[in-house]
Q: 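Take this structure, written in C-alpha cells, and hold onto it; I'll ask about it next.
Heavy-atom basis, side chains included; hydrogens, waters and symmetry copies ignored. Along the sequence shown, the residues carry numbers beginning at 1.
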Amino acid sequence: MSSGVAAHRDAKKLVRSPSGLRMVPEHRAFGSPFGLEEPQWVPDKECSRCMQCDAKFDFITRKHHCRRCGKCFCDRCCSQKVPLRRMCFVDPVRQCAECALVSLREAEFYDKQLKVLLNGATFLVTFGNSEKPETMVCRLSNNQRCLILDGHSHCEIEIAHISTVQMLTEGFAPGAGSARAAGMCLQYTVPGSEGAAQLKLMAGEDGNASKRPAAAWLAAMHKATKLLYESRDQ
C-alpha cells in the first residue's frame, strides 16, 4: 500500500456531537472495527425519573444522559467522567456507574494491549492446508482495520472479514498454573472468493530466542476479539 493511500485511510477530523468532541476517521468506511456508534439519547420528555434510582427530576434534581448507553440519570447516578475511546471522544465524558466500569476496563486495552498488537510479534504461520509454516511478523495496522503478516510473502486480512477466532493453549504441569496462549486459528473471508480461508499462527521466537512477545500478542488479540464481537452485537 502506498504512503499516500495509507495517509488517506488514516486521516481524521474533529467533530462535535451533543455528547462532546470526537476525533473520528475522515471517511466512515475507514473507522476502527472495534469502535461503537454513539447511542440515541432517551428523549427528555419521555423520562421524568432517574432510570437508576427512580429519583424525580425537578429544578434541583437535574437529568443527565450517559454518553455510552444514552439513558437518563440524576447527577448522583451519572457523575463519573471516564474516557470512552471506542466512541473516539477526545476528553472523558459523563457515564452512568455501570457503563463507567465497562469503559475503564476497556481503557486498559487501549493503554496496553493495543500497543502490543501494533508492535507485532513473530509467529510460525500456516495458510490453509499447507504443511510448511512460514516465519512471519504479525501486527495490527495503525488504523486497526487489518492484520498484516510479513515474511518472505505478505498478507493482509481485514479484521471485519474474520468470522471465527480460536485460541490455542498449552498447559503447565499439574499445580504449576493455568494454560497459556500458544497460538491462534483464524477463519476469514476473502472478497471475491467462495468459502472461508484459514490460517494458524503458532508463537515463534524473536531475535532474543524468546516466545514471550508472541504470547503477549496472543493475549492482547484475545482481548481485541472480545471487543470486536461486542461491537458487532451493538
Q: For Gly70 versus Pro39, what's the shortest heavy-atom pair and its separation?
A: N-CG, 3.6 Å
Q: Looking at residues at least two apart in the chain, or sitting in another chain, which of them share a salt bridge (Lys or Arg N to Asp or Glu O under 4.0 Å) with Asp111?
A: Arg85
Q: What is the minimum heavy-atom distance between Ser141 and Leu118, and which atoms define it?
A: O-CD2, 3.3 Å
Q: Of all heavy-atom pairs between Cys47 and Met51, which one has the smallest distance, and what is that distance?
A: SG-CG, 3.9 Å
Q: Side-chain contact, heavy-atom cut-off 4.5 Å: Leu84 with Leu36?
A: no
Q: Flag the pair Arg22 / Ser17 as yes when at least one side-chain heavy-atom distance between them is below 4.5 Å, and no otherwise.
A: yes
Q: Looking at His154, I want to see if its NE2 is surrounded by more than 12 non-hydrogen atoms of other residues, nucleotides or ligands under 6.0 Å.
A: yes
Q: Might you point out which heavy atoms bring Leu218 and Ala182 nearest each other, and give the distance in Å?
A: CD1-C, 3.6 Å
Q: Does any donor atom in the side chain of Ser103 or Arg68 lie under 3.5 Å from an acceptor atom in the other side chain?
A: yes
Q: Please tell me if the side chains of Asp150 and Met136 come closer than 4.5 Å, counting only heavy atoms from C-beta onward.
A: no
Q: Rounded at 0.5 Å granularity, tell me how far NZ in Lys115 sits from CG in Leu140.
A: 14.5 Å
Q: Before giving the answer on side chain to side chain contact (heavy atoms under 4.5 Å, CB included), spell out for Ile162 and Thr225 the whole-Å C-alpha distance, their side-chain angles and the decisive distance to 0.1 Å.
A: CA-CA 10 Å; Ile162 297 175; Thr225 300; over 6 Å; no
Q: Quick check: do Arg67 and Met87 have side-chain heavy atoms less than 4.5 Å from each other?
A: no
Q: Does the side chain of Ile159 come within less than 4.5 Å of Gln144's, by heavy atoms?
A: no
Q: Identify the two heavy atoms, one from Trp41 and one from Cys66, that lie closest to each other, and give their separation to 0.1 Å.
A: NE1-O, 4.3 Å
Q: Could you go through the side chain to side chain contact (heavy atoms under 4.5 Å, CB included) check for Met221 and Leu147 one step at a time?
A: CA-CA 10 Å; Met221 188 62 188; Leu147 286 183; 4.2 Å; yes
Q: Has Leu14 got more than 12 heavy atoms of other residues, nucleotides or ligands less than 6.0 Å from its CG?
A: yes
Q: With hydrophobic residues grouped by side-chain heavy-atom distances under 4.5 Å, do Val165 and Val116 end up in a single group?
A: yes
Q: Is there any side-chain hydrogen bond (donor to acceptor under 3.5 Å, both in side chains) pair reaching into residues 43-65, and which pairs are they, with sequence neighbours excluded?
A: none
Q: Is there side-chain contact between Gln95 and Phe73, with heavy atoms separated by less than 4.5 Å?
A: no
Q: Answer yes or no: is there a side-chain heavy-atom contact under 4.5 Å between Tyr110 and Pro83?
A: no
Q: Is Glu205 atom CD crowded by more than 12 heavy atoms from other residues, nucleotides or ligands, each under 6.0 Å away?
A: yes
Q: Taking all atoms of both residues into account, what is the closest heavy-atom pair of Cys146 and Glu158, and its distance?
A: SG-CG, 3.9 Å
Q: Among residues at least two apart in sequence or on other chains, which ones pass salt bridge (Lys or Arg N to Asp or Glu O under 4.0 Å) with Asp206?
A: none
Q: Do the non-hydrogen side-chain atoms of Leu149 and Ile157 ever get within less than 4.5 Å of each other?
A: yes
Q: Applying ring-ring contact (aromatic ring centres under 6.0 Å, His included), name anything that partners Phe123, two or more places apart in sequence or on another chain.
A: Trp217
Q: Donor-acceptor pairs are to be reported for all side-chain atoms of residues 184-203 against protein atoms at under 3.5 Å, with residues two or more places apart or in another chain.
A:
| from | atom 1 | to | atom 2 | distance (Å) |
| --- | --- | --- | --- | --- |
| Gln187 | OE1 | Thr164 | OG1 | 3.4 |

Q: Suppose the criterion is side-chain hydrogen bond (donor to acceptor under 3.5 Å, both in side chains): which pairs have a residue in residues 121-139, not counting sequence neighbours?
A: Glu134-Ser153
